[in-house]
Amino acid sequence: MVVGSLQRDPDTSVGGAFPDPSNLTGENYGAINGSIDLLHGVVNSGIFTGGVILCTVIFGVLAGYALALIRFRGRGFVFGMMLFVQMIPFQLLLIPLYVMIVRDYRLGDTYVGMIAPFAINSTAVFIFRQYFLQLPSSLFEAARMDGAGELRILWTIALPMVRPALVTAILVTFIGPWNEFLWPFLVTKDASMQPLAVSLANYISNISSATANPFGAILAGACVLAAPAIALFVVFQRYFVSTDIGSSVKG
């Protein structure tokens with residue numbers, strides 16, 4: 001993909017997968033940027049994705065902590081319903097969500113309208129619940145005996161011990177909204193509000209035929225779209241295999 005985005009003339013043969021210095025150029029990035037404004041699309045994607053991640057972490061941590069460490073009537077039923085929600089395809093909810101968000105709440109062409117359907121992620125809730133269940137119960141019992149409330153216990157004891165869960169939830173959540181096309185496409189008609197994935201799709205459908213090297217420009221846009229996700233996984237990969245849960249208990 002990177003090599004293709006730098007080719008002056010597209011080469012679809014096997015040899016085209018390897019860089020040819022005589023056929024390399026950065027013009028494709030300029031062409032795609034001149035057509036859809038890559039920076040503005042990245043900013044829109046960042047706001048959309050950042051809002052979804054923030055809501056996911058806040059609600060996921062609170063719900064996961066409650067389902068794992070607080071005993072209340074109906075806890076098992078709530079957890080079962082959460083698992084059931086994961087079985088419902090998002091496509092089945094598109095029409096009622098569109099009617100509610102765009103017609104009833106008048107949130108079309110807004111960041112809130114894009115973020116709202118993804119604000120609570122049942123997968124993130126499940127991840128946090130499973131991590132909280134691994135924590136030693138003696139820590140929380142001691143904190144409650146000292147008079148600490150549940151929110152204080154969550155903030156000062158539980159969260160520092162589940163950093164791998166935080167990173168995992170953020171990375172898992174990031175991929176969805178960052179690459180999301182269908183929902184932002186439905187609720188945004190103003191081009192200035194569209195995330196990069198939607199702008200690239202519109203470019204492929206409407207503008208690419210007028211470009212000297214449409215394949216190179218499309219691959220250049222795809223590289224820009226993929227770069228943040230790859231960078232996050234590279235930087236935070238070590239958190240997938242590390243945990244500090246056992247370090248808090250001695251003996």
Novice: Quick one: CG on Asn121 to CE on Met82, what's the gap to the nearest 0.5 Å?
Specialist: 10.0 Å

Novice: Return the NE2 to OG distance between His40 and Ser45, rounded to the nearest 0.5 Å.
Specialist: 10.0 Å

Novice: Which heavy-atom pair separates Leu38 from Gly221 by the least distance, and what is that distance?
Specialist: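 So the minimum-distance heavy-atom pair works out to CD2-CA, 4.5 Å.
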
Novice: Tell me, yes or no, whether the heavy-atom count around Leu151 atom CG, taken from other residues, nucleotides or ligands under 6.0 Å, exceeds 12.
Specialist: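 Count not over threshold, so no.
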
Novice: Would you indicate whether the side-chain heavy atoms of Glu150 and Leu154 approach each other to under 4.5 Å?
Specialist: no

Novice: Could you report the tightest heavy-atom contact between Val198 and Pro184, atom names first, then the distance?
Specialist: CG2-CB, 3.8 Å

Novice: Check whether more than 12 heavy atoms from other residues, nucleotides or ligands sit under 6.0 Å from atom CG of Leu92, and answer yes or no.
Specialist: yes

Novice: Just how far is it from atom CG of Leu6 to atom CE of Met1, taken to the nearest 0.5 Å?
Specialist: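 Here the interatomic distance stands at 11.0 Å.
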
Novice: In Å and rounded to the nearest 0.5 Å, what is the CD to CE distance from Gln134 to Met161?
Specialist: 10.0 Å

Novice: Compare every heavy atom of Leu186 with every heavy atom of Tyr98, then report the nearest pair and how far apart it is.
Specialist: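 Looking at all heavy atoms of both residues, the shortest contact is CE1-O, 3.4 Å.
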
Novice: Tyr131 and Phe236: same hydrophobic cluster, using ILVMFWY side-chain contacts below 4.5 Å?
Specialist: yes

Novice: Of the non-hydrogen atoms in Ala158 and Phe140, which two are nearest, and what is the gap between them?
Specialist: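 Of all heavy-atom pairs spanning Ala158 and Phe140, the closest is CB-CE2, 4.0 Å.
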
Novice: Just so I know, are the side chains of Ile36 and Leu196 near enough to count as touching, which here means a heavy-atom distance under 4.5 Å?
Specialist: yes

Novice: Are Tyr29 and Val224 packed together at the side-chain level, in the sense that at least one heavy-atom pair is separated by less than 4.5 angstrom?
Specialist: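 Contact flag for Tyr29/Val224 side chains = yes.
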
Novice: Please examine the side chains of Leu83 and Phe126, heavy atoms only from C-beta on, and report whether any two atoms are closer than 4.5 Å.
Specialist: yes

Novice: If we only count heavy atoms from C-beta on, is the Leu219 to Asn28 side-chain gap below 4.5 Å?
Specialist: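 They are not in side-chain contact.
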
Novice: Starting from Val125, can I reach Leu135 by hopping between I/L/V/M/F/W/Y residues whose side chains sit under 4.5 Å apart?
Specialist: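 Yes; tracing contacts between hydrophobic side chains, which count when under 4.5 Å, links both residues.
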
Novice: Would you say Phe215 has more than 12 foreign heavy atoms packed within less than 6.0 Å of its CZ?
Specialist: no

Novice: Any side chain to side chain donor-acceptor pair (under 3.5 Å) pairs touching residues 178-197, not counting sequence neighbours?
Specialist: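 Qualifying pairs, neighbours excluded: Asp190-Ser192, Gln194-Asn202.
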
Novice: Answer whether the closest heavy-atom distance between the side chains of Pro117 and Met100 falls below 4.5 Å.
Specialist: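 Not in contact.
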
Novice: What about Leu54 and Met114, same hydrophobic cluster or not, with Ile/Leu/Val/Met/Phe/Trp/Tyr joined at side-chain heavy-atom distances under 4.5 Å?
Specialist: no

Novice: If you round to the nearest 0.5 Å, how far is CG of Leu171 from CG of Leu166?
Specialist: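 If we round to the nearest 0.5 Å, Leu166:CG and Leu171:CG are 11.0 Å apart.
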
Novice: Counting only heavy atoms not in Phe72, do more than 12 sit closer than 6.0 Å to its CZ atom?
Specialist: yes

Novice: Minimum heavy-atom separation for Tyr203 and Ala217, please, with both atom names.
Specialist: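 Heavy-atom minimum between the residues: OH-CB, 3.2 Å.
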
Novice: Do the side chains of Val187 and Leu107 get nearer than 4.5 Å, heavy atoms only?
Specialist: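 A side-chain contact under 4.5 Å is absent here.
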
Novice: Counting only heavy atoms from other residues, nucleotides and ligands, does the tally under 6.0 Å from CZ of Arg152 exceed 12?
Specialist: no

Novice: Under the 3.5 angstrom rule, does the side chain of Asn23 hit a backbone N or O of Asp9 as a donor-acceptor pair?
Specialist: yes

Novice: Is Arg8 reaching over with its side chain to a backbone N or O of Ser22, donor-acceptor style, under 3.5 angstrom?
Specialist: yes

Novice: Under the criterion ring-ring contact (aromatic ring centres under 6.0 Å, His included), which of Phe90, Phe174, Phe59 is the partner of Phe118?
Specialist: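 Testing Phe118 for a ring-ring contact (aromatic ring centres under 6.0 Å, His included) against Phe90, Phe174, Phe59 leaves exactly one candidate, Phe90.
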
Novice: Treat each ILVMFWY residue as a node, draw an edge where side-chain heavy atoms are under 4.5 Å apart, and state whether Val85 and Ile127 are in one component.
Specialist: no

Novice: In this structure, would Leu133 and Leu139 fall into the same cluster of hydrophobic residues linked by side-chain contacts under 4.5 Å?
Specialist: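 No, because Leu133 and Leu139 fall into different hydrophobic clusters, even though each may have its own neighbours under 4.5 Å.
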
Novice: Once you round to the nearest 0.5 Å, how far does CG of Leu67 lie from CG of Leu62?
Specialist: 11.0 Å

Novice: Quick check: are there more than 12 heavy atoms from other residues, nucleotides or ligands sitting under 6.0 Å from CZ of Phe181?
Specialist: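 Yes.
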
Novice: Write down the atom of Ile47, the atom of Ile115, and the distance for their closest heavy-atom approach.
Specialist: O-CD1, 4.0 Å

Novice: With the side chain counted from C-beta on, respond yes when Leu200 and Ile218 share a heavy-atom pair under 4.5 Å apart, and no when they do not.
Specialist: no

